[in-house]
Amino acid sequence: MAVLNILRYPDPRLHRVAEPVREVDDRIRQLVRDMAETMYAAPGIGLAATQVDVHLRVIVIDVSEARDQLRVFVNPEIVERSDDTKVYEEGCLSVPGIYDEVERPDRVTVRALDENGEPFTLQADALLAVCVQHEIDHLNGRVFVQYLSRLKQSRIKSRLLKAERAVA
Ligand code: QAP
Ligand code: CO
């Protein structure tokens, strides 16, 4: 097990499009374990492989209060979206300290493979629906700040670059 390094916006690697997993093998299961450990250590409620610089379509999510309901999605696909939308204040482990409102479909149906390569379908609402959409965006190279105005994006970029310089 290992806590992996999380890429920070505006790292260009966050905009790579992840490749589908060809086979859910031990290498993928090891990645899932490391991603889960990384997410719990942060702590966060969701993490996409893109954020740890692995460009494969793998996501881990745990929105439970007790932090004991890990959900694993390999090759996730949204197969249905509700017409009604909801605004939620999102954050991201790759955009530390920044939170802002994003509007998305209120409910989604997701099809994916689990850590054993078994297909499943999940109807997600509330926070889980927000999180699944946010994480699938990462696999497509999209970070939530890209839904915000250009002005906000550029302010967030300078703030995070400045924070990086302060650490270095
Ligand atoms: C994505 O985000 C998400 O800024 C997961 O300093 C967020 O786990 C989906 C975090 C909101 C739905 C709603 C962020 C931790 C964690 C920070 C996270 C920070 C420390 C974010
Ligand atoms: Co994120």
Side-chain angles (χ1 to χ4, degrees), residues 2-18 31-78 81-82 84-110 112 122-149 152-168:
V3 172
L4 307 170
N5 181 53
I6 298 176
L7 299 179
R8 296 204 169 177
Y9 184 81
D11 192 309
R13 291 171 289 183
L14 286 171
H15 304 300
R16 281 179 60 177
V17 177
L31 171 65
V32 164
R33 278 193 292 272
D34 290 345
M35 285 174 60
E37 192 178 354
T38 305
M39 174 183 73
Y40 287 125
I45 58 171
L47 187 72
T50 306
Q51 292 176 275
V52 294
D53 202 20
V54 175
H55 301 280
L56 293 172
R57 304 190 78 84
V58 177
I59 287 170
V60 294
I61 290 178
D62 189 342
V63 294
S64 71
E65 203 75 34
R67 319 281 296 146
D68 60 357
Q69 283 169 51
L70 181 69
R71 295 174 187 271
V72 176
F73 302 80
V74 175
N75 298 343
E77 259 184 273
I78 295 178
R81 297 172 168 79
S82 65
D84 51 317
T85 61
K86 195 158 64 188
V87 173
Y88 197 93
E89 182 160 86
E90 298 188 16
C92 181
L93 289 171
S94 293
V95 195
I98 307 284
Y99 302 86
D100 212 329
E101 293 185 338
V102 177
E103 181 177 8
R104 301 182 186 271
D106 186 35
R107 299 171 307 281
V108 291
T109 304
V110 189
L122 172 76
Q123 305 207 74
D125 63 8
L127 181 57
L128 181 58
V130 180
C131 203
V132 164
Q133 294 177 79
H134 175 115
E135 302 308 336
I136 291 176
D137 271 354
H138 276 301
L139 301 182
N140 293 327
R142 192 168 179 94
V143 179
F144 86 96
V145 301
Q146 293 177 272
Y147 291 102
L148 309 177
S149 70
K152 279 188 177 179
Q153 289 180 50
S154 95
R155 282 182 182 152
I156 291 167
K157 262 181 212 164
S158 8
R159 202 199 285 191
L160 290 179
L161 288 171
K162 201 174 153 197
E164 238 170 72
R165 283 198 302 275
V167 171

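Remember, it's 1-based here, ligands and their atoms both numbered in the order they're listed. Please read these numbers as outputs of a predicted model, since none were measured by experiment. Basis for what follows: all heavy atoms, side chains included, without hydrogens, waters or symmetry-related copies.
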Colleague: Could you walk me through whether Val74 and Arg57 pass side-chain contact (heavy atoms from CB on, under 4.5 Å), step by step?
Modeller: CA-CA 6 Å; Val74 175; Arg57 304 190 78 84; over 6 Å; no

Colleague: Mind running side-chain contact (heavy atoms from CB on, under 4.5 Å) on Gln153 and Gln146 for me, showing each step along the way?
Modeller: CA-CA 7 Å; Gln153 289 180 50; Gln146 293 177 272; 4.3 Å; yes

Colleague: Suppose we screen for side-chain contact (heavy atoms from CB on, under 4.5 Å). Which residues come up paired with Leu127, at least two apart in sequence or across chains?
Modeller: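 Residues passing side-chain contact (heavy atoms from CB on, under 4.5 Å) with Leu127: Ile45, Val63, Tyr88.
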
Colleague: Within a strict 4.5 Å, meaning less than it, do heavy atoms of the Glu101 and Phe144 side chains meet?
Modeller: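 Answer no - side chains too far apart.
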
Colleague: How about Ile156 and Leu148: do any of their side-chain heavy atoms sit closer than 4.5 Å?
Modeller: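 Yes, close enough: below the 4.5 Å cut-off.
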
Colleague: Name every donor-acceptor pair, under 3.5 Å, that has one atom in a side chain of residues 132-139 and the other anywhere in the protein, sequence neighbours excluded.
Modeller:
residue	atom	partner	partner atom	Å
Gln133	NE2	Pro105	O	3.0
Gln133	NE2	Ala129	O	3.1
His134	ND1	Glu90	OE1	2.9
His134	NE2	His138	NE2	3.3
Glu135	OE1	Ala48	N	3.3
Asp137	OD2	Arg104	NH1	2.9
Asp137	OD2	Tyr147	OH	2.7

Colleague: List nothing but the number: protein N/O/S atoms under 2.8 Å from the Co ion (ligand 2).
Modeller: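 N, O or S atoms of the protein closer than 2.8 Å: 3.
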
Colleague: Between Ser94 and Leu7, is there a donor-acceptor pair closer than 3.5 Å when you use the side chain of the first and the backbone of the second?
Modeller: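 Here the side-chain-to-backbone pair exists.
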
Colleague: Under the side-chain contact (heavy atoms from CB on, under 4.5 Å) criterion, do Val54 and Met35 qualify, and how do the steps go?
Modeller: CA-CA 10 Å; Val54 175; Met35 285 174 60; over 6 Å; no

Colleague: Begin with the C-alpha distance, continue with both residues' side-chain angles, and end with the deciding distance and a verdict on side-chain contact (heavy atoms from CB on, under 4.5 Å) for Phe73 and Leu122.
Modeller: CA-CA 10 Å; Phe73 302 80; Leu122 172 76; 3.8 Å; yes

Colleague: Could you go through ligand 1 and list every pair where one of its N or O atoms sits under 3.5 Å from a protein N or O, giving the atom names and the distance to one decimal?
Modeller:
residue	atom	partner	partner atom	Å
ligand 1	4 (O)	Gly97	N	2.8
ligand 1	4 (O)	Tyr99	OH	3.0
ligand 1	6 (O)	Gly97	N	3.3
ligand 1	8 (O)	Ile45	N	2.8

